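Here the structure is laid out as C-alpha cells; the discussion comes afterwards.
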Amino acid sequence: MLFDCSALVMGLFAALMSRWKATRIFSYGYGRIEILSGFINGLFLIVIAFFVFMESVARLIDPPELDTNMLTPVSVGGLIVNLIGICAFSHAHSHGHGASQGNCHSDHGHSHHAHGHGHDHGHSHGFTGGGMNANMRGVFLHVLADTLGSIGVIVSTVLIEQFGWFIADPLCSLFIAVLIFLSVIPLIKDACQVLLLRLPPDHEKELHIALEKIQKIEGLISYRDPHFWRHSASIVAGTIHIQVTSEVLEQRIVQQVTGILKDAGVNNLTIQVEKEAYFQHMSGLSTGFHDVLAMTKQMESLKYCKDGTYIM
C-alpha cells in the first residue's frame, strides 16, 4: 500500500508538472517527467511483485491457517473501488484521444553567412495526440495490480471457506505476482528506450523511408548526422545536417525536408543547411568535401535492421 500510494501521488504530480510551460533553463518543457515517473512506477511494481512472490513461496512451503471472516467484505469493497478507478482511467484515455487536436507552429528558417559558408536552421514544432504516456501506464498498472489482488483474495477466500484449501492463498498471490511482473516489463522497456534517446520504434520504418526521399531532393547533395528521438508522449524531435549546391534556394530545401520528416512523425525538427562552398573552404582545415560525400554513401550502404541498428 505504501508503494501504491506513493506511485499514485507521484503519477499525479508528474501529470501536473508535464503541463508546465517551458522555461529558459528547461527549454524543452517538463514533458519527459511523465516518462521518468512511468519508469519509477515500473520499478515500484517490480519490487511489489518480488516481495509478493517471495512471501507466496514461503507460504507454499508452510501454508498458514487464515481467519477469513473479514476478508470477503474487505476484498469486495477493494474490488469495487479499483474497478471504478479502471473505468475512470478508460474514460479519461478515450476522452483524451477524442479531444486531442494537433497544432503546429508555422515553419520558419533563418540563415547567416560567414567565412564563405552558410547555415540554415529550420525549426518546426508541433504536437499530436498520440504516443506513449508512460506515467499513465504506470499508474494504471498499479490500479490493475490492486484489482488483481482483490480478485485473488476473493477466490482464495471462497476456496478456503468451501474446501479448506489454505494453499489457495499463496497460489493466487504467486499467480498475481507473475502477472504483475510480466505486465510491467513492456513499460520498463519503453521508458528505457525513450530515456536512452532510441529511434522511436513506431516511426522507425517511416523515418527510414523519409531519409531515402530526402536524398532524392533536387539540389541536395547529401545529408549527415540524422538524429531522431522521442522527447515525450507527444513530441518526436530530430536534427539533421544537409549539404546543398551553391545555386539552390535554401528555404525551398528546408521546407521540403521539413515536410517529409513531419509526415514521418517528427514534429520538433532542426535542420542545418551547409552549402557546397562551406566544404571547399573547410577542406584544408578538417574533413574535406569529398570525404563527407564518401561517408554519406557509406551510410547509405549500411543495412537497416528491425532493432534499429545498422550493420555492414
Side-chain angles (χ1 to χ4, degrees), residues 102 104-113 115-126 128 131 193 196-231 235-312:
C104 296
H105 299 292
S106 59
D107 300 330
H108 60 278
H110 59 273
S111 62
H112 53 88
H113 304 270
H115 303 291
H117 68 275
H119 291 268
D120 271 53
H121 304 270
H123 304 268
S124 65
H125 306 274
T128 57
Q193 289 179 349
L196 292 175
L197 303 181
R198 185 197 187 278
L199 184 72
D202 49 337
H203 296 284
E204 192 169 334
K205 183 177 179 180
E206 291 82 356
L207 287 171
H208 183 55
I209 296 175
L211 291 176
E212 292 179 348
K213 291 180 179 179
I214 290 174
Q215 187 62 45
K216 298 177 181 178
I217 295 178
E218 183 179 358
L220 190 145
I221 301 174
S222 62
Y223 67 84
R224 63 183 177 90
D225 297 335
H227 301 291
F228 306 101
W229 67 95
R230 180 176 292 283
H231 173 71
I235 299 178
V236 176
T239 63
I240 187 171
H241 292 229
I242 57 176
Q243 294 86 46
V244 300
T245 56
S246 300
E247 66 277 3
V248 76
L249 184 61
E250 301 169 358
Q251 293 304 316
R252 180 179 64 83
I253 300 295
V254 169
Q255 291 177 357
Q256 287 181 310
V257 174
T258 299
I260 292 173
L261 290 176
K262 184 176 292 184
D263 291 339
V266 181
N267 49 23
N268 189 307
L269 177 65
T270 300
I271 301 172
Q272 178 166 314
V273 177
E274 299 164 339
K275 287 203 168 183
E276 186 175 357
Y278 166 72
F279 295 99
Q280 295 174 348
H281 173 75
M282 298 296 293
S283 60
L285 302 178
S286 59
T287 304
F289 176 57
H290 296 289
D291 293 336
V292 175
L293 286 180
M295 180 180 63
T296 303
K297 292 179 180 179
Q298 184 182 8
M299 290 178 60
E300 293 175 357
S301 66
L302 299 178
K303 294 181 179 180
Y304 196 78
C305 295
K306 293 182 179 179
D307 60 356
T309 60
Y310 292 93
I311 61 174
M312 293 297 294

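Bear in mind that the values here come from a model prediction, so they are computed numbers and not experimental data.
- Here the CD1 atom belonging to I242 is positioned 11.0 Å from the CZ atom belonging to R224, to the nearest 0.5 angstrom.
- Taking both residues in full, the closest heavy atoms of G265 and V236 are given as O-CB, 3.4 Å, listed atom of the first, atom of the second, then distance.
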Carefully, step by step, assess Q193 and R230 under the rule side chain to side chain contact (heavy atoms under 4.5 Å, CB included). CA-CA 9 Å; Q193 289 179 349; R230 180 176 292 283; over 6 Å; no

**Request:** I would like to know whether E204 and R198 meet salt bridge (Lys or Arg N to Asp or Glu O under 4.0 Å); could you show each step before the answer?
**Result:** CA-CA 10 Å; E204 192 169 334; R198 185 197 187 278; 3.4 Å; yes

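- Taking each heavy atom of I253 and L220 in turn, the nearest pair found is CG2-CD1, 4.0 Å.
- Of all non-hydrogen atoms in L261 and A210, the two that sit nearest each other are CD2-CB, 4.0 Å.
- Between Q243 and K275 the shortest side-chain heavy-atom distance does not fall below 4.5 Å.
- Inter-residue side-chain proximity for V244 and I221 is flagged as unmet; no heavy-atom pair is nearer than 4.5 Å.
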Q.
Under the criterion side chain to side chain contact (heavy atoms under 4.5 Å, CB included), I'd like the reasoning laid out for Y223 against H241: C-alpha separation, chi angles, the key distance, then a yes or no.
A. CA-CA 6 Å; Y223 67 84; H241 292 229; over 6 Å; no

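- Residue F228 comes nearest to G238 through the heavy atom pair CD2-CA, 3.7 Å, listed as atom of the first residue, atom of the second, then distance.
- Note that OG of S222 is 12.0 Å distant from CD1 of I214, once rounded to the nearest 0.5 Å.
- Residues that satisfy the ring pair (Phe, Tyr, Trp, His ring centres under 6.0 Å) test with H231, not counting sequence neighbours, are Y28.
- Side-chain atoms of H203 come within 3.5 Å of backbone atoms of A264 as a donor-acceptor pair (strictly under, hydrogens ignored).
- Note that the NZ atom of K205 and the CG atom of L199 stand 14.0 Å from one another [nearest 0.5 Å].
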Notebook entry, point to check: Checking side chain to side chain contact (heavy atoms under 4.5 Å, CB included) for the pair I240/L211: CA distance, chi angles, key distance, verdict?
Noted result: CA-CA 10 Å; I240 187 171; L211 291 176; 3.9 Å; yes

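- For the pair L269/I271, a side-chain contact is recorded, criterion being any heavy-atom separation below 4.5 Å from C-beta on.
- In this structure, CD on Q251 lies 9.0 Å from OG1 on T258, to the nearest 0.5 angstrom.
- Smallest separation of non-hydrogen atoms from V266 and L207: CG2-CD2, 3.5 Å.
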